[in-house]
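Position 1 is the first residue of the sequence; numbering continues from there. Note that ligands are numbered from 1 as they come in the structure, with each ligand's atoms numbered from 1 the same way. If you're wondering where the values come from, they're calculated on a predicted model, not measured in any experiment.
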Amino acid sequence: MLNCDCLFCKIIEGKIPSSKVYEDENMLVFRDIAPKAKVHLLAVPKTHFALLSQADGEGQAMLAHIFKKIPQIAADNGCENGYRLVVNQGENAGQTVMHLHVHILGGQPLEW
Ligand code: 5GP
Ligand code: ZN
């Protein structure tokens, strides 16, 4: 279920524009508005939950689907030579959008 106060739910619904690179019934992938690497994509499940600890059965199935799809999406978007996945969880990680998302960072060598 979507959440009317959530930025990424609004992007999923098309109420806020985004640069989409992939979409299916379970997930949306779009470009981060403030990229931290040459390629910086955000992969989001089409159901609203903030944290891995809050994923129900549907959310867990969407996460499995997202991680299955990411290699091809990354390869199709300039990450043939490798990429990094980041999933910030909560305040100490600096999570700013409380809709679970996987950062896909690549297109260049990355510092650790
Ligand atoms: P977090 O810090 O929660 O892990 O990541 C949230 C990400 O969402 C940040 O990298 C930020 O740049 C991105 N972001 C915030 N607002 C928007 C927006 O309106 N559109 C897009 N495409 N990305 C956004
Ligand atoms: Zn949401």
Review point. When you measure from the Zn ion (ligand 2) to each N, O or S atom of His48, which atom gives the shortest distance?
Key: ND1

Check your understanding: More than 12 heavy atoms of other residues, nucleotides or ligands under 6.0 Å from CG of Asp24: is that the case?
Key -> yes

Check your understanding: Does some side-chain heavy atom of Ile104 sit less than 4.5 Å from a side-chain heavy atom of Asn77?
Key -> no

Check your understanding: Just wondering, do Leu42 and His103 contact through their side chains at under 4.5 Å, heavy atoms?
Key -> yes

Check your understanding: Quick one: are Leu2 and Lys10 in side-chain contact, heavy atoms under 4.5 Å?
Key -> no

Exercise for review: Measure the shortest side-chain to side-chain distance between Tyr83 and Ile70 over non-hydrogen atoms and say whether it is less than 4.5 angstrom.
Suggested key: yes

**Study point:** For ligand 1, the residues whose heavy atoms come within less than 4.0 Å (ordered by chain, then number)
**Key:** Leu7, Phe8, Ile11, Phe30, Arg31, Asp32, Ile33, Ala34, Leu42, Asn88, Gly94, Gln95, Thr96, Val97, His101, His103

Point to revise | Atom name, His99 (N, O or S, nearest to the Zn ion (ligand 2)) | key: ND1

Check your understanding: What about His101 and His99, are their ring centers closer than 6.0 Å?
Key -> no

Point to revise | side-chain contact (heavy atoms from CB on, under 4.5 Å) partner of Phe30, the single match among Val21, Ile12, Leu41, Val44 | key: Val44

